Amino acid sequence: MPLASILGAYMFVSYVILPGMLHHRYKHLVSFSNVSKTTVTKQGTPGDPINIGLIGTSAEVAHILFMAGWYPADKRNILSLTHEVESVMIHRPYKDAPVSNLYFYDRKQDITFEQLVNNSPRRRHHVRFWRSVNLDISGRILWLGAATFDTSIGFSHLTGQLTHHIDPDIDAERDKLISDIGKTGLLGNVYEIEGVGWKMDGRNGGGDKYFTDGKIKIASITPSHPD
């Protein structure tokens with residue numbers, strides 16, 4: 001069979017048929033409790049759990065992450081994806097490589113930050129944040145996020161699409177991010193709330209296994225301009 005036919009068949013099955021089947025399977029299984037604690041893929045498949053939160057203005061969130069050595073990810077489009085492929089193939093640094101979209105509050109993430117390992121998007125720490133409607137007593141925003149560590153590039157266990165595989169210990173990634181931003185001297189109180197609950201057999205949107213204590217760590221950023 002010609003290579004073009006094989007590639008065409010792969011693209012059709014992995015990017016059309018299987019995602020459609022997953023959407024049909026999961027669209028009836030989303031409950032209020034799941035929506036409030038777990039992200040979903042575009043097809044409605046359960047994604048990465050919410051495991052971190054920051055309280056602050058959008059400028060304060062961006063500033064503390066940048067000071068911690070994390071960089072905003074480029075928007076996902078043809079140009080950025082091409083740049084990412086080139087970076088992986090020829091080992092060219094790309095510290096703000098794009099990150100795939102996940103959905104929470106019925107919308108994709110508002111901001112995404114990452115920290116590459118050895119300047120390659122093959123391995124990277126990253127976090128997606130969604131702006132919530134919750135405010136603290138000073139009127140600052142609660143940003144809820146999902147932090148995971150990409151260990152390699154491979155194929156989705158569910159659809160066969162090219163994707164990043166994550167380290168199963170998502171609590172370690174959550175705690176690393178809290179530690180990184182704590183070193184900036186701009187972090188206030190940190191407390192825990194219940195998230196998805198203790199889970200050893202969870203799977204994300206790519207079919208990767210994860211385990212977690214199920215807690216969401218919420219960190220308050222010291223106001224840039226206190227009263």
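Note that this is a predicted model, so its numbers are computed, not measured. One is the number of the first residue; the rest follow in order along the sequence.
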Rounded to the nearest 0.5 Å, what separates atom [atom1] in [X] from atom [atom2] in [Y]?
X: Tyr103; Y: Thr41; atom1: OH; atom2: OG1; result: 9.0 Å
X: Ile52; Y: Asp171; atom1: CD1; atom2: CG; result: 11.0 Å
X: Asn134; Y: Leu144; atom1: CG; atom2: CG; result: 7.0 Å

task = Is it possible for you to say whether Val196 and Leu102 belong to one hydrophobic cluster, with membership spreading through side-chain heavy-atom contacts below 4.5 Å?
result = no
message = Grouping I, L, V, M, F, W and Y whenever their side-chain heavy atoms are under 4.5 Å apart, do Val190 and Ile221 come out in a common cluster?
response =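 Per the 4.5 Å side-chain linkage, Val190 and Ile221 are co-clustered.
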In the structure I gave you, are the side-chain heavy atoms of [X] and [Y] within less than 4.5 Å of one another anywhere?
X: Gln115; Y: His126; value: no
X: Asp110; Y: Phe129; value: no
X: Thr38; Y: Val40; value: no
X: Leu135; Y: Ile141; value: yes
X: Leu177; Y: Trp70; value: yes
X: Lys217; Y: Asn51; value: no
X: Ile64; Y: Glu60; value: no
X: Arg128; Y: Ser100; value: yes

Can you check whether [Y]'s main-chain N or O pairs, donor with acceptor, with [X]'s side chain at less than 3.5 Å?
X: Lys199; Y: Thr212; value: no
X: Ser132; Y: Leu142; value: yes
X: Thr151; Y: His165; value: yes
X: Asp208; Y: Ile166; value: yes
X: Thr39; Y: Asp48; value: yes

key: Phe66 and Tyr71 aromatic centres sub-6.0 Å   =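 Phe66 vs Tyr71: aromatic centres under 6.0 Å.
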Chi angles and distances behind the side chain to side chain contact (heavy atoms under 4.5 Å, CB included) call for Asn204, Ile170 = CA-CA 11 Å; Asn204 70 357; Ile170 61 174; over 6 Å; no
Heavy atoms only: give me the nearest [X]-[Y] pair and the separation to one decimal.
X: Val117; Y: His125; result: CG2-NE2, 4.0 Å
X: Asp169; Y: Asp167; result: N-OD1, 2.8 Å
X: Pro49; Y: Ala146; result: O-CB, 3.3 Å
X: Leu187; Y: Gly182; result: CD2-CA, 3.8 Å

ask   = Hey, mind stepping through Glu114 and Arg124 against salt bridge (charged side-chain N to carboxylate O under 4.0 Å, His left out) and telling me if it holds?
value = CA-CA 7 Å; Glu114 62 189 335; Arg124 61 185 178 186; 3.2 Å; yes
query = Does a side-chain N-to-carboxylate-O contact under 4.0 Å join Asp213 and Arg174?
reply =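 Salt bridge: yes.
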task = Return yes when atom NZ of Lys183 has more than 12 non-hydrogen atoms of other residues, nucleotides or ligands closer than 6.0 Å, and no otherwise.
result =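 No, NZ of Lys183 has 12 or fewer neighbouring heavy atoms, counting only those of other groups under 6.0 Å.
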query = Which is it for Thr45 and Arg203 under the side chain to side chain donor-acceptor pair (under 3.5 Å) test, yes or no, and what are the steps along the way?
reply = CA-CA 10 Å; Thr45 309; Arg203 288 182 182 268; over 6 Å; no
inquiry  = Go through it in stages, so that I can follow the logic: the residues are Val127 and Ile111, the test is side chain to side chain contact (heavy atoms under 4.5 Å, CB included), and I'd like the CA-CA distance, side-chain angles, deciding distance and then a yes or no.
reply    = CA-CA 8 Å; Val127 60; Ile111 53 177; over 6 Å; no
ask   = What orientation do Phe104 and Trp130 show, parallel under 30°, tilted 30 to 60°, or perpendicular over 60°?
value =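 Ring orientation, 0 to 90° scale: perpendicular.
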